[in-house]
Amino acid sequence: MYIESLELKNFRNYEQISLHFDRETNVLYGDNAQGKTNILEAILLAGTTKSHRGSHDREMIRFGEEEAHLRLIFNKNNVSHKVDMHLKKNGKKGVAIDGIPIRRASELFGTISMVFFSPEDLYLIKEGPEKRRRFMDSELCQLDKVYYTDLTEYNRVLTQRNALLKDIPFYPSLVPTLDVWDEQLVSHGIHIIQARGRFIDHLNEIIANIHGNLTNGKEKIKIIYEPEVQTENFSERLRMCRDKDLKMKTSTEGPHRDDFKVIVNGVDIRHYGSQGQQRSAALSLKLSEIYLVKEIIGDTPVLLLDDVLSELDRSRQAMLLKRMNDVQTFITCTGMDELIENHFPVNRAFHIVNGTVAK
């Protein structure tokens with residue numbers, strides 16, 4: 001699979017552009033704050049309905065405008081398809097695939113598979129659990145539409161339950177209604193925990209070889225899933241922690257507090273690993289995403305690299321280059337010199353200057 005073209009109108013700092021891409025390596029270069037990352041964000045948004053920045057629709061509309069439009073043409077199994085997206089300042093986004101409107105974002109997931117890699121991902125290991133949960137969720141949502149539905153519903157129920165916990169001190173008669181929300185939380189939460197467990201098991205099958213090559217066989221890596229609760233006792237834990245939840249006015253148990261740890265040569269590198277070990281493990285995790293998509297969906301994802309090369313040393317750059325061979329790749333950087341010096345293939349380059357693009 002590869003992306004053929006992208007059209008933007010009133011998106012971020014772009015008034016109107018039309019880009020046609022090579023099916024191998026595309027480089028977007030230019031000074032900082034010119035709009036390079038905005039193009040990657042638009043590609044990711046058109047493929048997943050989500051911004052890697054967590055931005056709301058209105059924040060991605062060009063200043064002074066009420067709407068923004070994106071059109072992405074991609075080729076899958078030698079057939080071209082079109083995604084149109086309409087962002088509104090005061091309304092829900094509209095999305096159509098090949099001219100047919102979709103009602104739910106889940107209908108888009110799996111249509112276009114992408115792996116997004118930014119410098120922040122290199123700190124995936126050392127940062128808080130939220131980053132690692134996001135890593136699991138972002139990949140699982142692309143691989144499993146049922147997971148996306150369960151996660152969306154779980155988060156909706158969690159929000160309602162937390163709101164109720166805040167209201168109960170003022171309306172004690174509402175306490176019995178917690179049972180209804182608890183039942184739904186457990187129902188969707190069990191599916192999430194099971195899916196994450198399977199995902200980590202599959203990840204371990206892939207990452208061992210990748211990390212071994214990256215470290216010249218010096219390190220053995222293992223990912224260990226750390227669910228906050230087990231599927232068999234989730235309901236009981238909610239009952240046991242109800243008084244604590246009422247006191248804290250928030251839900252203290254459930255997969256929204258899950259984590260995973262990374263063990264290298266028997267050591268938890270989140271706490272005891274060097275920065276180099278943490279970066280190597282993070283790179284291995286991101287590279288593993290490519291192979292997960294290939295194995296589960298049977299297709300090759302698009303790789304989006306946002307200013308990552310400058311953060312990697314020569315050996316890690318070489319590993320990344322090796323994995324780019326059969327993957328359409330988009331790279332943002334400040335200049336071409338580093339790519340040329342390190343023999344990175346450049347099939348098409350775009351110079352980005354203040355929201356304008358020259359091939």
Side-chain angles (χ1 to χ4, degrees), residues 48 106 109-110 113-117 121 124-155 186-215 217 219-235 237 253-271 273 277-301 303 319 323 327:
T48 66
S106 59
F109 278 111
S113 299
M114 300 182 185
V115 174
F116 188 94
F117 194 11
D121 290 316
L124 175 66
I125 309 301
K126 66 186 295 185
E127 291 197 356
E130 182 182 357
K131 297 284 188 182
R132 290 181 288 278
R133 283 195 299 274
R134 190 179 301 161
F135 168 80
M136 290 190 288
D137 290 342
S138 63
E139 189 59 30
L140 274 165
C141 283
Q142 290 195 78
L143 299 173
D144 186 350
K145 291 184 179 181
V146 175
Y147 181 86
Y148 175 82
T149 300
D150 277 315
L151 183 65
T152 301
E153 284 300 301
Y154 180 88
N155 288 331
V186 170
S187 175
H188 296 294
I190 285 174
H191 294 156
I192 291 170
I193 295 166
Q194 291 172 337
R196 287 176 177 173
R198 291 192 298 269
F199 172 76
I200 294 298
D201 287 343
H202 200 164
L203 181 63
N204 273 312
E205 295 172 5
I206 293 171
I207 198 171
N209 183 55
I210 291 174
H211 195 73
N213 290 334
L214 183 61
T215 60
E219 295 182 357
K220 292 185 177 181
I221 191 170
K222 184 176 179 60
I223 313 300
I224 299 178
Y225 178 38
E226 296 182 312
E228 177 69 14
V229 297
Q230 302 299 322
T231 55
E232 61 271 15
N233 69 353
F234 189 7
S235 184
R237 288 281 294 271
E253 301 286 331
H256 58 285
R257 298 173 64 87
D258 282 359
D259 199 356
F260 66 79
K261 61 183 176 183
V262 181
I263 306 298
V264 172
N265 292 344
V267 175
D268 183 351
I269 62 170
R270 184 195 317 170
H271 303 296
Q277 284 180 313
Q278 291 171 347
R279 287 191 164 206
S280 292
L283 179 57
S284 295
L285 282 168
K286 299 303 292 186
L287 292 174
S288 296
E289 288 187 66
I290 298 172
Y291 292 89
L292 277 168
V293 172
K294 286 182 178 180
E295 287 191 13
I296 295 174
I297 295 182
D299 202 356
T300 303
L303 181 59
M319 172 58 72
R323 303 297 173 178
V327 179

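Here the structure is a predicted model, which means the values were calculated and not measured.
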>> If you define the side chain from C-beta out and look only at heavy atoms, does anything of Glu226 sit under 4.5 Å from Arg132?
In response: no
> For the atom pair NZ (Lys131) and CD1 (Ile125), what is the distance rounded to the nearest 0.5 Å?
Replying inline: 13.0 Å
> When you measure from the side chain of Glu253 to the backbone N and O of Phe234, does any donor-acceptor pair fall under 3.5 Å?
Replying inline: no
> With a 4.5 Å heavy-atom cut-off, do Asp121 and Leu285 have their side chains touching?
Replying inline: no
>> Ignoring hydrogens, what is the shortest heavy-atom contact between Ser280 and Leu214? Give both atom names and the distance.
In response: O-CD2, 3.3 Å
> Can you name the nearest heavy-atom pair linking Val186 to Ser235, along with the distance?
Replying inline: CG2-CA, 3.8 Å
>> If you define the side chain from C-beta out and look only at heavy atoms, does anything of Arg196 sit under 4.5 Å from Pro255?
In response: yes
>> To the closest 0.5 Å, what do you measure between CD1 (Ile192) and OG1 (Thr231)?
In response: 13.0 Å
> In Å and rounded to the nearest 0.5 Å, what is the CG to CD1 distance from Asp259 to Ile224?
Replying inline: 11.5 Å
>> Can you confirm whether Glu130 is buried at CD, in the sense that more than 12 heavy atoms of other residues, nucleotides or ligands lie under 6.0 Å from that atom?
In response: no
>> Quick check on side chain to side chain donor-acceptor pair (under 3.5 Å): which of His191, His256, His188 does Tyr154 satisfy it with?
In response: His256
>> Looking at Tyr148, I'd like to know if the NZ or CZ of Lys145 sits under 6.0 Å from its six-membered ring centre while staying within 45 degrees of the ring's axis.
In response: no
>> Between Asp258 and Arg133, does any NZ, NE, NH1 or NH2 come within less than 4.0 Å of an OD or OE carboxylate oxygen?
In response: no
>> One pair to check against side-chain contact (heavy atoms from CB on, under 4.5 Å): Ser113 and Ile297. What are the steps and the verdict?
In response: CA-CA 9 Å; Ser113 299; Ile297 295 182; 3.5 Å; yes
> Does the Asp268 side chain pair with the main chain of Ile263, one donor and one acceptor, at a distance under 3.5 Å?
Replying inline: no
> Does the side chain of Asp201 come within less than 4.5 Å of Tyr225's, by heavy atoms?
Replying inline: no
> Stepwise, does the side chain to side chain donor-acceptor pair (under 3.5 Å) test hold for Asp137 with Tyr147?
Replying inline: CA-CA 9 Å; Asp137 290 342; Tyr147 181 86; 2.4 Å; yes
> Taking atom CD1 of Ile207 and atom OG of Ser284, what is their separation to the nearest 0.5 Å?
Replying inline: 5.0 Å
>> Would you compute the distance between atom CG of Leu287 and atom CD1 of Ile210 and round it to the nearest 0.5 angstrom?
In response: 5.5 Å
> Any side-chain heavy atom of Ile200 sitting closer than 4.5 Å to one from Met136?
Replying inline: yes
> What's the spacing between Gln277 CD and Lys126 NZ if we round to 0.5 Å?
Replying inline: 13.0 Å
> Does a side-chain heavy-atom distance below 4.5 Å link Val293 with Thr300?
Replying inline: no
>> With a 4.5 Å cut-off on side-chain heavy atoms, are Pro129 and Arg257 touching?
In response: no
> Can you list the steps and then say if Glu139 with Leu203 is a side-chain contact (heavy atoms from CB on, under 4.5 Å)?
Replying inline: CA-CA 11 Å; Glu139 189 59 30; Leu203 181 63; over 6 Å; no
